[in-house]
Amino acid sequence: MSFLTGRIGVVFGVANKRSIAWAIAQAWHREGATLAFTYQGERLKENVEELAGTFGPETLILPCDVTKDDQIAAVFEQVRAKYGKLHLLLHSVAFAPKDALEGTFLNTSREAFRIAHDVSAYSLVAVARAAEPLMTEGGSIVAMTYYGSEKVVPHYNVMGVAKASLEASTRYLAYDLGTRKIRVNCISAGPVNTLAARGIAGFTDMLKHYEAHAPLRRNVLPDELGATGVFLASDGAAAITGQVIYVDSGYQIMGM
Ligand code: NAD
Ligand code: 0WE
């Protein structure tokens, strides 16, 4: 029943107990994986230590701002020193300056566009490249995306464009890393009430909209994202790479 026994993973994107990264990390841990965690900055250090600290002494907890190449290098150097290898990587990181998610896409500044793409898309390329030398037994890289990459979701704006880049990057990485038996996939999640979603004007209405219109007539639960994370990490998904898997109560199939 343990799908990930003996696997080593690194998790980017836990901010608090509501984080999608935490839901997937718990599911990976439950299936027997040994995990390292990174946190964005000192502000989040305590949160992540409190959550991941419960996983025992084999758990590494390291700082990493994904826009900093030296911090990424330090994470993978410490992962190498402690475990010697790596099988799993979760990328659950996104950011755009708040004003870019409030006005029109037309008014996106050069700087907001750059930041959104650096944090939310380029970072996947950077961490995948750093992970590759450690994934000597093959591996599974999972990134979080959202439907605003393919259809216009009002106010998602530059984040939608950055998610389109993340999804395309997933396909090119899947091609480059396929010969090393490293798979790269995205989970496209329906809306979940996390720190990144809170404060978004109209988020509660968006949850209601999914309840009214998604085939399953309900919202996605964090545990369900965890279960899909386990599947993509496991040998059950051994021939799946470069894909976007929708975990959205079926919302993505609808035309109206
Ligand atoms: P969250 O706020 O819990 O997680 C976002 C994480 O990104 C945080 O841990 C934050 O520290 C990290 N981050 C931001 N800038 C960073 C940087 N420069 N360096 C390192 N880390 C940085 O929110 P979440 O909803 O769990 O978001 C996780 C992922 O899920 C994101 O990619 C998001 O786009 C995606 N997603 C969220 C939803 C949703 O409705 N919540 C839906 C689909 C996809
Ligand atoms: O990817 C996301 C949100 C990511 C995000 C959130 C914030 C809020 C705080 C990126 N950058 C920031 N910057 C901040 O300053 N989601 C999928 C959740 C989300 O965000 C939306 C959504 C949905 C869904 C924004 C507008 C419309 C829909």
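This one's a predicted model, so the numbers in the text were calculated from it and none came from an experiment.
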Closest approach of A96 to A116 (non-hydrogen atoms, all atoms of both residues)
CB-CB, 3.9 Å
Considering non-hydrogen atoms only, spot the tightest contact between C186 and T145 and give its length.
CB-CG2, 3.7 Å
Considering non-hydrogen atoms only, spot the tightest contact between G160 and Y156 and give its length.
N-CD2, 3.3 Å
Which pair of non-hydrogen atoms, one from V244 and one from S188, has the smallest distance, and what is that distance?
CG1-CB, 3.7 Å
Salt bridge check: are R217 and E211 linked by an N-O gap of less than 4.0 Å?
no
Should E111 and R114 count as an ion pair when the cut-off is N to O under 4.0 Å?
yes
Between T241 and A174 the two heavy atoms that sit nearest each other are OG1-CB, 3.4 Å
Would you find more than 12 non-hydrogen atoms of other residues, nucleotides or ligands less than 6.0 Å from R198 atom CZ?
yes
Treating Ile, Leu, Val, Met, Phe, Trp and Tyr as nodes and any side-chain heavy-atom pair under 4.5 angstrom as an edge, say whether V192 and M206 lie in one connected cluster.
no
Taking L89 as the starting point, is it possible to reach V75 by hopping between hydrophobic residues whose side chains are less than 4.5 Å apart?
yes
Do V10 and L88 come within less than 4.5 Å of each other through their side chains, counting heavy atoms only?
no
Using the side-chain hydrogen bond (donor to acceptor under 3.5 Å, both in side chains) rule, take E167 and S149 through it: C-alpha gap first, then chi angles, then the decisive distance, then the call.
CA-CA 8 Å; E167 291 173 18; S149 65; 2.7 Å; yes
Apply side chain to side chain contact (heavy atoms under 4.5 Å, CB included) to F95 and list each qualifying residue two or more places apart in sequence or on a separate chain.
P97, I115, V119
Could you walk me through whether E137 and H87 pass side-chain contact (heavy atoms from CB on, under 4.5 Å), step by step?
CA-CA 7 Å; E137 300 174 347; H87 306 91; 2.5 Å; yes
Which atom pairs, one a donor and one an acceptor, fall under 3.5 Å between side chains of residues 39-56 and the rest of the protein, sequence neighbours left out?
residue : atom : partner : partner atom : Å
N47     : ND2  : A15     : O            : 2.8
T54     : OG1  : L51     : O            : 2.8

Heavy-atom distance under 4.5 Å between the side chains of K85 and R80, does that happen here?
no
Test I24 against V11 for side-chain contact (heavy atoms from CB on, under 4.5 Å), laying out the working first.
CA-CA 9 Å; I24 294 175; V11 173; over 6 Å; no
Is the number of heavy atoms from other residues, nucleotides or ligands within 6.0 Å of NE2 (H29) greater than 12?
yes
In short, I8 meets L86 closest at the heavy-atom pair O-CD1, 3.6 Å
Between I141 and N185, does the side-chain contact (heavy atoms from CB on, under 4.5 Å) criterion hold? Intermediate values first, please.
CA-CA 6 Å; I141 297 175; N185 294 287; over 6 Å; no
Quick one: are the ring centres of Y251 and H209 less than 6.0 Å apart?
yes
Between R7 and D235, does at least one N-O distance fall below 4.0 Å, as a salt bridge requires?
yes
Assess whether side-chain contact (heavy atoms from CB on, under 4.5 Å) is satisfied between K82 and L60, documenting all intermediate values.
CA-CA 8 Å; K82 187 160 176 94; L60 268 180; 3.4 Å; yes
